[in-house]
Amino acid sequence: MNKLLLLKQYILSKYLRRFESRKTIQVYQNKKIEKHLAFVLTHSPFYRNYYQDHQLEWESLPVISKREMMEHFDEINTVGISKEEAFQLAVKAEKSRDFSPKINTVSIGLSSGTSGNRGLFLVSEKESAMWAGEVLAKLLPGSLMKEQKIAFFLRANNNLYESTKSRKISFHFFDLVEDLKTHQNRLHELKPTIIIAPPSMLRMIAEWKENNIIDITPKKIISVAEVLEDVDKAFIEEIFQQTLHQVYQATEGFLATTCSHGVLHMNEDIIAIQKEYLDEEKGIFVPIITDFTRRTQPLIRYRLNDVLIERQTPCPCGSLFLALERIDGRCDDIFYGVHEQTGEQHMLFPDFIRRAVMLSYEDILEYKVTQKDLFLIDIKLKVKNENSMAEAKVKQELEKLWKEKLLVLPQITFTKYDLITSERKRKRIENVIKEKAKHETI
Ligand SMILES: [Zn+2]
């Protein structure tokens, strides 16, 4: 690990890189992207081909998604690593739980997802040092010289995370596939100052603390990898008596982090964000990202599969980076309804569903709403004082949502709340319809 590079990136990000206006951010990004594109077009056969008939104004170049990224993996990356080779190594690492092997000096990561839909990512040693510097600058409370014990809960470890180690900062990987008792013992013994975990795991840790199973007082808690729902956020914050922070990090990069006010800001000093609005008035959009630092596996105008909601008011912290109200969910989890008159399918964003559930009844502790088909919604509720009123209220609020948009009312069923933290990502709002709408309208 190139510690010097890590430190340089840390200092740059934490102390030196300052922007006075949105305009200066844009000027900075344009300059960086122009230089980056020159490199990418020379070294990536895919992009050279893909862009050959286009003027090189980056803002309007053709978009790519995960599908193209995986389909053309071999020609996109600039280090000549084949998908086959990378995939084999990543799967082997995941099975053996030994995540140290690399191809030459390149680390391989594998995103979670259904088989056949998993993303592979490549990070060079230099990029990994820069990534670590950037992450530490944005996440560490206080200075780099302060001692920190970081507990990191992940589905798979990666060289990338290991690289953040130093004398002052110790990094402890908690494998999410391990049993809960092991986690309890290790946490209790380690007494981490920082915990980074998916919200479903954080909620469980908070429950352990509440029930005096473990005694820990972390200084900072960071939610990653799953959508953070208000119901979980409130619970975790109450138990630990602090603001819960978030990192929006995907195989595609280090995308956003919360500021001191707990507001998510996109990391516009390392990636440029363009918005593909789904509902402009409400600020709901799908991000198209251009990363101008990663050279090994370049991401230019890459459309993420996420729905984000922008914040309507400036953040009190003063940062000019795009502020988010929330990460709403995956595009695949948008609900659909059928219009009474036209028969067209209309989108219902997770945010609408979440609000309807949470506003309907105040004693809801946990919930899960699943769209099973266009006319069938299943709900699981966990309520403070078991009360049959809750189901009727939730049903009423959801139906109101469908009625307002003149959509045919779905059948709403209630089943027992039986969810436990498992290896699978937990979603509170999920669409499990296999064939999604072909003609989407709002
Ligand atoms: Zn802020």
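Here the side chain of Lys209 pairs a donor or acceptor atom with the backbone of Ile216 at under 3.5 angstrom.
Phe152 has its ring centre less than 6.0 Å from the ring centre of Phe171. Taking the ring centroids of Tyr50 and Tyr47, they lie at or beyond the 6.0 Å cut-off.
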Legend entry - Working for side-chain contact (heavy atoms from CB on, under 4.5 Å), residues Glu399 and Ile412: CA-CA 9 Å; Glu399 285 182 344; Ile412 297 177; 4.0 Å; yes
Inset, instruction - Could you go through the salt bridge (charged side-chain N to carboxylate O under 4.0 Å, His left out) check for Asp230 and Arg354 one step at a time? - result: CA-CA 9 Å; Asp230 295 343; Arg354 176 183 303 118; 5.6 Å; no
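With rounding to the nearest 0.5 angstrom, the CG atom of Leu190 is 5.5 Å from the CZ atom of Phe174.
Checking Gln29, Lys138, Arg18 one by one against Asp269, the side chain to side chain donor-acceptor pair (under 3.5 Å) holds for a single residue, Lys138.
A heavy-atom distance below 4.5 Å is found between the side chains of Ser223 and Leu228. The shortest distance between side-chain heavy atoms of Leu308 and Val286 does not fall below 4.5 Å. Here the side chains of Val357 and Glu397 are not in contact, with every heavy-atom distance at 4.5 Å or above. Side-chain atoms of Tyr302 and Ser65, non-hydrogen and from C-beta on, never get closer than 4.5 Å to each other. Counting heavy atoms from C-beta on, the side chains of Leu255 and Gln249 never come closer than 4.5 Å. Contact of the Leu365 side chain with the Val231 side chain is not registered, since no non-hydrogen atoms from C-beta on lie closer than 4.5 Å.
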Just list the side-chain donor-acceptor pairs under 3.5 Å for residues 311-324, sequence neighbours left out, or say none.
| unit_1 | atom_1 | unit_2 | atom_2 | d |
| --- | --- | --- | --- | --- |
| Arg311 | NE | Thr313 | O | 2.9 |
| Ser319 | OG | Phe321 | N | 3.2 |

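In Lys372, the NZ atom is not crowded: 12 or fewer heavy atoms of neighbouring residues, nucleotides or ligands sit closer than 6.0 Å. Counting heavy-atom neighbours within 6.0 Å of Lys92 NZ, excluding the residue itself, gives a total of 12 or less.
Nearest heavy-atom pair, Met69 versus Pro298, reported as atom, atom and distance to 0.1 Å: CE-O, 3.6 Å.
Sequence neighbours left out, the pairs with a member in residues 232-241 that pass side chain to side chain donor-acceptor pair (under 3.5 Å) are Arg203-Asp232, Asp232-Arg428, Lys233-Glu237.
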